[in-house]
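In what follows, a structure is listed as structure tokens, so that the remarks can point back to it.
Keep in mind the model is a prediction, meaning the values are calculated, not measured.
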Amino acid sequence: MRARDVMAGPLVTVGPRDFARHAEGLMDDSGLTVLPVSDHGVFRGVVTKAACAGVTGKVEDVMSQPVLTAGPEMEAATLYDAMTLREVLSVPILEDGLILGVVTRHDVLRAISHEDPHLRVGHAGSHG
């Protein structure tokens, strides 16, 4: 299973020159906490809800870059390992610099658990 097979949708993005308050509103409406920033489809970075809180400026003033990204053909298990190592919850999926979608750790775990029914999802961190 590859990243393209587990991308979350629909894709919600914000532009670098949009106001941070607009981005915060999009995140409120969509239930997301991170949005990819794109300029005419070209990926520029990400912005978090926390970074936008109370900011009157533009998204480009509070966005993060560089960030972990992946290509659409990356194996889902490899992507999960990279996300865990870098402690990120979502990764933009890019092809030739254009954003195709976003994969969350939850998306990858759900997909991997369907591939391997013996995998126990949701028990990480429990000690016995």
Side-chain angles (χ1 to χ4, degrees):
M1 183 161 299
R2 307 209 182 273
R4 78 168 57 251
D5 302 321
V6 296
M7 284 189 296
L11 178 62
V12 178
T13 65
V14 66
R17 288 170 293 289
D18 289 339
F19 285 100
R21 287 184 179 172
H22 171 70
E24 188 176 19
L26 284 174
M27 287 183 259
D28 286 341
D29 293 345
S30 63
L32 301 171
T33 58
V34 178
L35 288 179
V37 179
S38 73
D39 194 1
H40 303 290
V42 178
F43 179 74
R44 299 292 183 215
V46 297
V47 66
T48 65
K49 188 170 182 176
C52 290
V55 173
T56 57
K58 306 268 179 150
V59 167
E60 63 192 354
D61 299 328
V62 295
M63 69 184 205
S64 299
Q65 62 183 106
V67 296
L68 178 64
T69 63
E73 299 305 319
M74 181 180 250
E75 287 290 334
T78 302
L79 179 56
Y80 181 79
D81 289 344
M83 294 172 81
T84 302
L85 181 67
R86 295 274 301 268
E87 298 180 355
V88 296
L89 297 177
S90 62
V91 173
I93 305 301
L94 309 179
E95 188 167 57
D96 298 325
L98 300 177
I99 185 154
L100 302 177
V102 174
V103 170
T104 67
R105 250 198 260 186
H106 184 268
D107 297 328
V108 176
L109 278 175
R110 185 176 53 238
I112 292 171
S113 69
H114 283 107
E115 249 185 15
D116 182 356
H118 300 290
L119 181 68
R120 293 178 52 120
V121 176
H123 297 285
S126 62
H127 302 284

Point-to-point distance, once rounded to the nearest 0.5 Å, from [atom1] of [X] to [atom2] of [Y]:
{"X": "His106", "Y": "Tyr80", "atom1": "NE2", "atom2": "OH", "result": "11.0 Å"}
{"X": "Asp107", "Y": "Asp5", "atom1": "CG", "atom2": "CG", "result": "12.0 Å"}
{"X": "Arg44", "Y": "Gln65", "atom1": "CZ", "atom2": "CD", "result": "8.5 Å"}
{"X": "Thr104", "Y": "Arg110", "atom1": "OG1", "atom2": "CZ", "result": "6.5 Å"}
{"X": "Ser38", "Y": "Leu98", "atom1": "OG", "atom2": "CG", "result": "9.0 Å"}

Does [X] reach the side chain of [Y], with side-chain heavy atoms less than 4.5 Å apart?
{"X": "Pro92", "Y": "Phe43", "value": "yes"}
{"X": "Val91", "Y": "Leu79", "value": "yes"}
{"X": "Val47", "Y": "Cys52", "value": "yes"}
{"X": "Met74", "Y": "Arg2", "value": "no"}
{"X": "Leu11", "Y": "Ile99", "value": "yes"}

Exercise. Verify side chain to side chain contact (heavy atoms under 4.5 Å, CB included) between Met83 and Leu89, making sure each step is shown before the conclusion.
Key: CA-CA 7 Å; Met83 294 172 81; Leu89 297 177; 5.8 Å; no

Verify the cluster assignment for [X] and [Y]: are they in a single hydrophobic cluster under the rule of side-chain heavy atoms below 4.5 Å apart?
{"X": "Val46", "Y": "Leu94", "value": "yes"}
{"X": "Met63", "Y": "Leu68", "value": "no"}
{"X": "Leu109", "Y": "Val102", "value": "no"}

Which heavy-atom pair separates [X] from [Y] by the least distance, and what is that distance?
{"X": "Ala111", "Y": "Val6", "answer": "CB-CG1, 3.0 Å"}
{"X": "Gly71", "Y": "Ile93", "answer": "C-CG2, 3.9 Å"}
{"X": "Gly15", "Y": "Asp18", "answer": "N-OD2, 2.8 Å"}
{"X": "Arg105", "Y": "Val88", "answer": "NE-O, 3.0 Å"}
{"X": "Pro72", "Y": "Glu95", "answer": "CG-OE2, 3.6 Å"}
{"X": "Pro36", "Y": "Val12", "answer": "CD-O, 3.3 Å"}

Exercise. For Asp28, look at atom CG and say whether over 12 heavy atoms of other residues, nucleotides or ligands are found less than 6.0 Å away.
Key: yes

Self-check item: Heavy atoms of other groups near Arg21 CZ, more than 12 under 6.0 Å
Solution: no

Quiz item: Any donor-acceptor pair under 3.5 Å linking the side chain of Asp81 with the backbone of Thr78?
Solution: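 Answer holds: no.
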
Quiz item: Counting distance only, does the side-chain N/O of Lys58 pair as donor-acceptor with the main-chain N or O of Arg17 below 3.5 Å?
Solution: yes

Practice problem: May I have the step-by-step check of salt bridge (Lys or Arg N to Asp or Glu O under 4.0 Å) for Glu24 and Lys49, ending in yes or no? | Solution: CA-CA 6 Å; Glu24 188 176 19; Lys49 188 170 182 176; 5.8 Å; no

Quiz prompt | Residue among Val59, Val62, Val67 satisfying side-chain contact (heavy atoms from CB on, under 4.5 Å) with Val37 | solution =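 Option passing the side-chain contact (heavy atoms from CB on, under 4.5 Å) with Val37: Val59.
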
